[in-house]
Amino acid sequence: MKSAVETLNPTRVRLTVEVPFEELKPSLDAAYKKINQQVTVKGFRKGKIPARVIDQRFGRGAVLEEAVNDALPKFYTEAVNEGELNVLGQPEVDITELKDGELLAFTAEVDIRPALEIPDYSGIEVEVDAVEVSDEDIDKSVEQLRERFATTAPVERAAQDGDVLTLNLEAKVDGEVLEDGVAEGVTYTVGSGELLDGIDEAVKGVEAGNSATFTSELKGGSAEGKEAEVKVEVTEVKSRELPELDDDFAQLASEFDTFEELRADSRKRLEQMKKYDQATQAQEKVLDELLKLVEVPIPEKLLADEVETRKHNLVNHQLGQMGLDLAKYLEIQGKSEEEFDAETKEQAEKGIKTQFILDELVNKEKLNVSQEELTEHLMRRAQSSGMSPDQFAQAVVEGGQVPMLVGEVARGKALAVVVEAATVKDSNGEVIDLDDEDETAEAEGTEAAAADEKPEV
């Protein structure tokens with residue numbers, strides 16, 4: 001077999017392949033055997049029909065077609081390996097010559113990964129938020145913990161902000177009660193902003209056993225988006241009582257004996273969270289600067305496929321789970337379809353560029369992935385997917401996705417190399433050492449850059 005490679009553009013090549021006919025013999029034999037098992041000829045046992053009889057009865061052309069279809073993937077793969085090509089997607093194959101007993105010739109056009117030159121990235125410098133925890137931050141954290149230990153007790157008075165009510169609801173549109181517009185025993189906290197617009201104003205000042213009526217646009221159900229007249233009956237009013245912020249509360253809500261120890265622990269936790277956020281921010285900014293340094297041509301078909309995949313995942317998985325369609329999502333976001341398409345294309349381009357550049361860095365820096373690193377990554381992915389590690393691992397193996405996970409870990413390590421070489425300063429001008437946070441954040445950095453972005457609703 002002879003092959004030659006013609007570069008059509010930085011991301012596409014044409015392979016020209018010539019195969020001597022004798023190299024087709026294994027595929028010809030397989031073709032005769034396959035046809036033998038499929039047809040019946042009087043006077044011959046099944047599977048024992050001579051080749052000349054098959055040629056006479058069914059035509060040599062049918063045999064050649066079967067043989068060529070069988071052989072093409074093998075010869076294409078040999079040509080790709082011979083040309084040391086990193087191909088993307090499926091080729092467009094055209095048989096240019098087929099002479100029985102002499103020659104098979106074909107061309108194959110296919111997209112390839114572009115050759116990239118990674119420049120010196122040690123000069124990258126980015127600024128991130130400083131790690132600063134204020135007393136107000138601690139107060140907010142402690143208050144959130146306090147809310148979790150709130151208790152309720154029935155009261156004989158009108159409802160007011162913060163009370164927990166038990167409600168019966170009835171919605172009418174055009175004077176008719178909706179089939180799905182009746183609900184009983186609904187628990188609602190006054191001032192929470194949940195349920196329906198206008199409900200807070202309606203229930204304030206209402207005592208148990210009384211009702212009020214208000215109008216509101218329905219947020220779901222058979223009459224979604226329509227104005228409805230809603231009757232709300234208050235059946236019970238409970239006040240919420242928050243525990244005192246003292247040593248007793250610290251012992252109730254934590255492993256600490258004093259309230260001051262609880263606050264000190266809150267400060268420590270907030271600092272750790274902000275340091276992790278700082279490391280993630282550094283990775284995102286360093287990656288953006290790295291992308292600016294490298295010119296990356298992108299195959300058109302690869303980009304189109306990636307855009308379509310992102311749209312499909314958004315519409316059929318993320319929005320579907322929320323009970324939304326694309327039109328409703330765009331309405332909530334205040335975006336036109338053209339703006340959405342432009343953003344999706346931009347995100348797809350960034351994801352592809354990120355993968356190409358980091359994969360090139362993996363090769364350049366000779367980075368390897370250990371079994372321990374792969375296992376840790378698998379555990380994190382399993383947790384984010386809501387599956388057990390065993391279930392996730394089984395799904396990955398059965399789906400042939402192990403190389404994909406290895407690639408994710410390797411790209412995370414490549415990005416960590418760039419971050420380590422860069423200068424990262426906080427908003428106070430202090431140089432930041434990210435070693436403590438890098439190990440965890442690097443495993444998620446490239447995923448966030450290249451993965452589908454979840455909709456914000």
Side-chain angles (χ1 to χ4, degrees), residues 128-155 160-166 187-194 236 238-284 370 372-393 409 412 416 419 424 426-428 430 432-445 447-448 454:
V128 296
D129 295 333
V131 173
E132 296 173 344
V133 177
S134 66
D135 288 341
E136 289 76 13
D137 293 331
I138 300 172
D139 291 341
K140 184 178 179 181
S141 175
V142 171
E143 190 62 29
Q144 289 173 344
L145 181 62
R146 186 188 190 195
E147 291 279 346
R148 290 168 49 190
F149 287 87
T151 58
T152 60
V155 291
Q160 58 190 34
D161 268 333
D163 285 345
V164 180
L165 310 183
T166 303
T187 300
Y188 179 69
T189 301
V190 182
S192 65
E194 299 172 354
E236 187 176 38
K238 292 182 178 179
S239 66
R240 295 177 75 251
E241 297 179 6
L242 296 171
E244 292 293 326
L245 295 178
D246 53 21
D247 292 348
D248 289 339
F249 170 68
Q251 293 164 22
L252 171 69
S254 71
E255 70 272 28
F256 300 105
D257 292 327
T258 68
F259 183 62
E260 285 307 310
E261 289 175 324
L262 174 62
R263 282 185 62 88
D265 182 68
S266 295
R267 178 182 293 277
K268 182 179 177 181
R269 289 176 184 272
L270 289 171
E271 286 177 349
Q272 289 174 339
M273 289 172 57
K274 291 199 173 190
K275 283 182 180 179
Y276 177 80
D277 291 343
Q278 189 184 64
T280 303
Q281 187 182 24
Q283 288 193 330
E284 291 171 353
S370 68
E372 182 182 359
E373 289 168 333
L374 182 60
T375 300
E376 289 177 358
H377 184 65
L378 186 147
M379 298 280 280
R380 279 191 292 267
R381 288 291 303 271
Q383 186 176 18
S384 64
S385 71
M387 301 170 67
S388 72
D390 288 344
Q391 289 174 325
F392 187 79
V409 178
V419 173
V424 181
D426 67 15
S427 52
N428 295 326
E430 298 290 329
I432 304 301
D433 181 2
L434 296 170
D435 286 348
D436 292 340
E437 287 73 39
D438 263 355
E439 189 172 330
T440 302
E442 76 180 45
E444 301 170 4
E447 281 178 62
K454 294 186 178 180

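Note: hydrogens, waters and symmetry copies are ignored here, and every other heavy atom, side chains too, is used.
Closest of all the heavy-atom pairs between Asp139 and Arg263 is OD1-NH1, 2.8 Å.
Counting non-hydrogen atoms of other residues, nucleotides and ligands closer than 6.0 Å to CE of Met273 gives a total of 12 or fewer. By the 6.0 Å contact criterion, CD on Glu255 is enclosed, its count of non-hydrogen atoms from other residues, nucleotides or ligands being greater than 12.
When the side chain to side chain donor-acceptor pair (under 3.5 Å) test is applied to Glu143, the partners found at least two apart in sequence or on another chain are Arg146. Scanning for side chain to side chain donor-acceptor pair (under 3.5 Å) contacts around Ser388 gives Gln391, with sequence neighbours left out. Residues forming a salt bridge (Lys or Arg N to Asp or Glu O under 4.0 Å) with Glu147 (at least two apart in sequence, or on another chain): Arg240. Glu132 pairs by the side chain to side chain donor-acceptor pair (under 3.5 Å) definition with Asn428, not counting sequence neighbours. The salt bridge (Lys or Arg N to Asp or Glu O under 4.0 Å) check on Asp257 picks up nothing, with sequence neighbours excluded. Every residue two or more places apart in sequence or in another chain that forms a side chain to side chain contact (heavy atoms under 4.5 Å, CB included) with Ala250 is listed here: Ser254, Leu262. With sequence neighbours excluded, the residues satisfying salt bridge (Lys or Arg N to Asp or Glu O under 4.0 Å) with Asp265 are Arg269. Every residue two or more places apart in sequence or in another chain that forms a side chain to side chain contact (heavy atoms under 4.5 Å, CB included) with Asp137 is listed here: Val133, Ser134, Leu270, Lys274. Asp426 pairs by the salt bridge (Lys or Arg N to Asp or Glu O under 4.0 Å) definition with nothing, not counting sequence neighbours. Listed by chain and residue number, Tyr188, Thr189, Glu194 satisfy the side chain to side chain contact (heavy atoms under 4.5 Å, CB included) test with Ser192 (two or more places apart in sequence, or in another chain). Residues satisfying the side chain to side chain donor-acceptor pair (under 3.5 Å) criterion with Asp135, sequence neighbours excluded, are Arg267. With sequence neighbours left out, the side chain to side chain contact (heavy atoms under 4.5 Å, CB included) criterion links Glu244 to Asp246.
Between the side chain of Gln283 and the backbone N or O of Ala416 there is no donor-acceptor pair closer than 3.5 Å.
Here the side chains of Gln383 and Met379 are not in contact, with every heavy-atom distance at 4.5 Å or above. Side-chain contact check for Val424 versus Val128: some heavy-atom pair is nearer than 4.5 Å.
Ring orientation note: the planes of Phe249 and Phe149 are nearly perpendicular, at an angle over 60° on the 30°/60° scale.
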